[in-house]
Amino acid sequence: MTIYNKIRNFQESQRLELKEQLPDNLEKEAVAFLNASGGELIIGVQDNGAVVGVDNPDAVQLKIKDRLVNNVRPSILGLFEIKLENHNDKTIVVTTFASGVEKPYYIKQKGRSEAGCFIRVGAAAQPMSEEMIDNLLNIRYPVSLANLPARNQDLNFTQLQIYYNGKQKPLSEKFAKTLDFYTPDGKYNQVAAIFSDENNFSFRLAKWFGTDKIDLCQKEEYGFRCLITVIEKVLSRLDTENITFARKMGLQQRVEQQLINQNALREAVVNAFAHNDYSQGNTPIFEIFSNRIEITTYGNLLQ
């Protein structure tokens, strides 16, 4: 048994919970820390900070470990540490929790519900609302547009066919299946809707005078058409705005340089469209300033 000697300020906070004895709601306190920014649960200290110690601390350690492993989901192995500390010749049990990466964590018996999911707010564990739980699940399991049926099942793909014909790669009669435009039950999915002539997403481009967003020079709408067409139009417009600077270097030499490398700009635009999260109705935004081009896209970074 290892005993740590440490000077502490025993006062409950966002990251510290004090208990005189092993609590019946251990799992509740655990998931609250895991769903927030982590923290410590200390057993053997009263609410007022008085150290009373723990009888048979080894047995308490074992009970904590067993309850956390068996009663909290998803598995939190590796997300908590239990150790003993000595204060005023009394032994306390300190359980340290990390912030979990598979939120929301919940009490197994209660499930992913307001009765099973908690989060640390101030010095207390508070129930999570259904909206909070759903938001965390959407982050953990992003909605796949391929599995969501399109609201409009009467879709046309004339613009997409023109694009592929221009690339000398005409689409076959089975192109929709090849491009995964169907849900598992055979309906057009949201991916198909985005690439159809009936795409109803709005894509915005704005040009500002100067280097800030005070005076708007121009605002354009590139949406409501096949996504491929939108991408080509945005790229064409940004290529026009990607001005080239020239500077003389001596009598016979002149150096030219674009504001932004053309290949880098094209890749940034394509990635903005490709990795955007369309499930919430958001679309990339393109903004042109006198000294830069800003691209805003929505969604999480790939892990």
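Remark: L22 CG to N56 CG distance equals 11.5 Å, nearest 0.5 Å. The structure places OG of S13 at 9.0 Å from CD of E40, a figure rounded to the nearest 0.5 Å. We find the OG1-CZ distance between T296 and R204 to be 9.5 Å, quoted to the nearest 0.5 Å. Remark: L205 CG to L238 CG distance equals 5.5 Å, nearest 0.5 Å. One finds the CD1 atom of I107 at 5.0 Å from the CZ atom of F118 (value rounded to the nearest 0.5 Å). In this structure, OG on S37 lies 5.0 Å from CZ on R15, to the nearest 0.5 angstrom.
A salt bridge does not link K207 with E287: none of the charged nitrogens is closer than 4.0 Å to a carboxylate oxygen.
Summarising the local packing, CG of D185 is surrounded by more than 12 heavy atoms from other residues, nucleotides or ligands at distances under 6.0 Å. Remark: R237 CZ is packed, more than 12 non-hydrogen atoms of other residues, nucleotides or ligands lying under 6.0 Å away. Annotation for Q153: atom CD counts as buried by contact number, over 12 foreign heavy atoms lying within 6.0 Å. Residue E267 places its CD atom among 12 or fewer non-hydrogen atoms of other residues, nucleotides or ligands, all under 6.0 Å distant. More than 12 heavy-atom neighbours from other residues, nucleotides or ligands sit within 6.0 angstrom of CG on N70. The environment of CG in N88 is sparse: at most 12 heavy-atom neighbours from other residues, nucleotides or ligands sit within 6.0 Å. Sparse packing is recorded around CD of Q11, with 12 or fewer heavy atoms of other residues, nucleotides or ligands lying under 6.0 Å away. A 6.0 Å sphere centred on CZ of R292 holds more than 12 heavy atoms belonging to other residues, nucleotides or ligands.
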Step by step, work out the ring pair (Phe, Tyr, Trp, His ring centres under 6.0 Å) result for F157 and F181.
CA-CA 11 Å; F157 300 93; F181 281 176; 5.5 Å; yes

Can T91 and L84 be said to form a side-chain contact (heavy atoms from CB on, under 4.5 Å), step by step?
CA-CA 7 Å; T91 301; L84 305 181; 4.0 Å; yes

Evaluate the side-chain contact (heavy atoms from CB on, under 4.5 Å) criterion for residues I92 and V51: first the C-alpha distance (whole Å), next the side-chain angles of each, then the deciding distance (0.1 Å), finally the verdict.
CA-CA 8 Å; I92 62 175; V51 178; 3.9 Å; yes

Decide yes or no on side-chain contact (heavy atoms from CB on, under 4.5 Å) for V72 and L34, but give the supporting numbers first.
CA-CA 10 Å; V72 176; L34 292 160; 4.2 Å; yes

Derivation and outcome, side-chain contact (heavy atoms from CB on, under 4.5 Å), residues L41 and V94
CA-CA 6 Å; L41 172 65; V94 180; over 6 Å; no

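Of the possible polar contacts, one joining the R120 side chain to the L16 backbone as a donor-acceptor pair under 3.5 Å is found. With hydrogens and angles ignored, the 3.5 Å screen pairs a side-chain donor or acceptor of N276 with a backbone N or O of N282. Using a distance-only test at 3.5 Å, with no hydrogens or angles considered, a donor-acceptor pair links the side chain of T283 to the main chain of S202. Not a single donor-acceptor pair under 3.5 Å links the side chain of Q190 to the backbone N or O of L148. Without hydrogens or angle criteria, N261 side chain to N263 main chain gives a donor-acceptor distance under 3.5 Å. Remark: the backbone N or O of P149 is not paired with any side-chain donor or acceptor of N189 at under 3.5 angstrom. Under the 3.5 Å distance criterion, the side-chain polar atoms of K103 are matched with a main-chain donor or acceptor of G100. No donor-acceptor pair under 3.5 Å is formed between the side chain of T96 and the backbone N or O of F80. E221 places a side-chain N or O within 3.5 Å of a backbone atom of F203 that can act as its donor or acceptor partner. The closest donor-acceptor contact from the side chain of E241 to the backbone of I288 lies at 3.5 Å or more, if one exists at all.
Not less than 6.0 angstrom separates the ring centroid of F195 from the ring centroid of Y163. Between Y278 and F201, the gap from one ring centroid to the other is short of 6.0 Å.
If you chain together hydrophobic residues whose side chains sit under 4.5 Å apart, F224 and I162 never meet in one group. No path of Ile, Leu, Val, Met, Phe, Trp and Tyr side chains, each step under 4.5 Å between heavy atoms, connects L62 with L68, placing them in separate hydrophobic clusters. Cluster annotation: F289 is not connected to I285 through the hydrophobic network of ILVMFWY side chains, with a link wherever side-chain heavy atoms come within less than 4.5 Å.
At least one side-chain heavy atom of N147 sits less than 4.5 Å from a side-chain heavy atom of P184. Annotation: side chain of V52 is in contact with side chain of Q46 (closest heavy-atom distance under 4.5 Å). Side chains of Y105 and P74 form a contact here, defined as non-hydrogen atoms less than 4.5 Å apart. Taking 4.5 Å as the limit, every side-chain heavy atom of I243 sits out of range of all side-chain heavy atoms of Q258. Under the 4.5 Å side-chain criterion, counting only non-hydrogen atoms from C-beta, W208 is not in contact with S290. I64 places a side-chain heavy atom less than 4.5 Å from the side chain of I43.
In the model, Y222 has a side-chain atom that pairs as donor or acceptor with a side-chain atom of E220 under 3.5 Å. Under the 3.5 Å distance criterion, with hydrogens and angles disregarded, a donor-acceptor pair is assigned to the side chains of N71 and E27. Between the side chains of N242 and Q262, no donor N or O sits under 3.5 Å from an acceptor N or O. Using a 3.5 Å distance cut-off with no hydrogens or angles, the side chains of Q257 and T244 do not pair a donor with an acceptor. Side-chain polar atoms of N291 and T211 form no donor-acceptor pair below 3.5 angstrom.
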Residues 127-136 side chain polar contacts: donor-acceptor under 3.5 Å, at least two apart:
unit_1: S129; atom_1: OG; unit_2: M132; atom_2: N; d: 3.2
unit_1: N135; atom_1: ND2; unit_2: E131; atom_2: O; d: 3.3

Show the atom names and distances, to 0.1 Å, of all donor-acceptor pairs under 3.5 Å that link a side chain in residues 225-236 to residues at least two apart or in another chain.
unit_1: R225; atom_1: NE; unit_2: G223; atom_2: O; d: 3.2
unit_1: T229; atom_1: OG1; unit_2: Q159; atom_2: OE1; d: 2.9

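The aromatic rings of F33 and F97 lie parallel to each other, their planes meeting at an angle below 30°, with 60° marking the opposite boundary.
Residue pairs meeting the side-chain hydrogen bond (donor to acceptor under 3.5 Å, both in side chains) criterion with at least one member in residues 166-177: none, sequence neighbours excluded.
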